[in-house]
2 protein chains.
Amino acid sequence: MSTVDQQAFFRCFARVADGLSHAHRLALLQILGQAERDVESLTALTGLPLASVSQHLQRLKRAGLVEVRREGRRRVYRLSSPRVSALSDALGRLAIECLDEAAALEAARRGDAERAVSADELLRLLHRNETVIVDVRPREEYAFAHVEGALNVPLDELEGRLGELPRGRDLVVYCRGPFCVTTDEAVALLRGRGFGVRTLDRSVADLALAGVPVTRA
Amino acid sequence: MSTVDQQAFFRCFARVADGLSHAHRLALLQILGQAERDVESLTALTGLPLASVSQHLQRLKRAGLVEVRREGRRRVYRLSSPRVSALSDALGRLAIECLDEAAALEAARRGDAERAVSADELLRLLHRNETVIVDVRPREEYAFAHVEGALNVPLDELEGRLGELPRGRDLVVYCRGPFCVTTDEAVALLRGRGFGVRTLDRSVADLALAGVPVTRA
DNA sequence: CTAATGTTCAACGAGTTGATTGAATATCAT
DNA sequence: ATGATATTCAATCAACTCGTTGAACATTAG
């Protein structure tokens, strides 16, 4: 009947959605949204068995969400497009709007936290230079791209490096993006030590698009 | 470790993605994006077996993407949020960007068609009143919401109602949204009969958001 | 009440998914 | 070549998905 089959479109789209339809794959995409990575470091970061990571990555490739490059004996995976992160984030936002369970998680999470800093607000804070931005992601992700002037203190080093943080000024903490709970842990720790902390709930890539100055490798 | 488990978030998000991960469900969402529908009419519109439709709808409900209401002896399904359509469309756009197969389909489809009319352009056309807008969706969808002043000629009636269309002025044809191939079929038919036709590749809901005047039931 | 209608439910089978294991492959260092 | 390293591949199993069928359920009409 039709020149092009409507179903064929939907089959393709469904294949992309299939890439997003497993918690582990979403975790991988979140990490790859920060920097490219080889299989080994993805294994370390997720704590999943190596073969499992490899298989999920191949599923993501089938879905068109990631691409691979060989580099010596390792394979470096990266997102096919920054829009992959954008879609994942949109998926998360929709889930929180439409699924009670997700709404409950988000409520529990943001329960005591005040509203996140917007990109515009961040620009103002950066300009006035009264705030210290703290990037709690792993070293490699910071190296790949970070908010200009941000201090990198990976979460697992945070407790031991509290001395490096200024007492007088407010801190703004960020990590991988809107649904990264690492921020929450950092905030809890810092508040417990008496720091004034706000959060930034967007990814570095996203902030860059919003006009925030970003330093790249 | 964490106050809130990162994985719990991703499991929720994955459940939403799961709703999008089958061609038939995407077809159902596209239809529900136009108007609410009972199971019977969804069965008729998709051509799928009744029980199959019912099961997919329940999967969509589990994913938080649709809601049901009883109305007499029928159950009327509707999208949980207009953002469901927005996410489906974003999924399609990403697929076309990232999956070769989807890119090929889109290329084949738009091969001979000129660029679609933008919302702004449509506003201008409406204002100058030189164009006839043709809505080729089923009657019920037109009744639920349509571009102000549009003429409803469902695709299957188009051939028999060509006489109602003006010969002198250009036509702008639209249907369910960016990935609805019904438009293509209508365009092919109309071009074959010598009409000057352009297309509109956004859904009515989407056009409404963009400021195009829309008539609702 | 009984029948008709619209929808869901339950159960089946073929196919797919995801985790796990161990073997196979490819690249690099020696 | 040889061995070490990084990753994929192949095979297995339990769990799930999808379509199909027919029965079950709820609501309305008569």
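Each chain gets a letter, A, B and so on, in the order the sequences are listed, and its residues count up from 1. These figures come from a predicted structure and were not determined experimentally.
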Query raised in the report: Aromatic rings A/H56 and A/H22: how do their planes relate, parallel, tilted or perpendicular, breaks at 30° and 60°?
Result: tilted
**Report entry** Side-chain heavy atoms of A/L94 within contact of B/L65, under 4.5 Å
**Finding:** yes
Query raised in the report: Counting distance only, does the side-chain N/O of A/Q34 pair as donor-acceptor with the main-chain N or O of A/R176 below 3.5 Å?
Result: yes
Query raised in the report: D/dT7 C1' sits how many Å from A/R69 CZ, rounded?
Result: 16 Å
Query - Backbone N/O of A/L207 and side chain of A/R202: donor-acceptor pair under 3.5 Å - result: no
Query raised in the report: Using a heavy-atom distance cut-off of less than 4.0 Å, which residues of residues 9-44 of chain A contact DNA chain D?
Result: A/D38, A/V39, A/E40
**Report entry** A/F179 versus A/I96, closest heavy-atom pair with distance
**Finding:** CE2-CD1, 3.3 Å
Report summary line: On a heavy-atom basis, the closest approach of A/A86 and A/R93 is O-NH2, 4.4 Å
Report task. Could you walk me through whether B/E141 and B/L45 pass the side chain to side chain contact (heavy atoms under 4.5 Å, CB included) test, one step at a time? Result -> CA-CA 12 Å; B/E141 297 178 10; B/L45 286 165; 4.2 Å; yes
Query - Cation-pi check, A/R137 onto A/F144 ring (under 6.0 Å, within 45° of axis) - result: no
**Report entry** Residues A/V147, A/V212; criterion side chain to side chain contact (heavy atoms under 4.5 Å, CB included); working and verdict
**Finding:** CA-CA 7 Å; A/V147 173; A/V212 174; 4.0 Å; yes
Report task. For DNA chain D, determine which residues of residues 73-80 of chain A have any heavy atom closer than 4.0 angstrom to one of its atoms, and list them numerically. Result -> A/R73, A/R74, A/R75, A/Y77
Requested in this report: Can you sort out which residues in residues 47-60 of chain B have a heavy atom within less than 4.0 Å of DNA chain D? Ascending by number, please.
Outcome: B/P49, B/A51, B/S52, B/Q55, B/H56, B/R59
Requested in this report: Step by step, work out the side chain to side chain contact (heavy atoms under 4.5 Å, CB included) result for A/L190 and A/L165.
Outcome: CA-CA 10 Å; A/L190 291 168; A/L165 302 176; 3.7 Å; yes
Requested in this report: Report the distance from atom CZ of B/R62 to atom P of C/dT8, rounded to the nearest whole Å.
Outcome: 16 Å
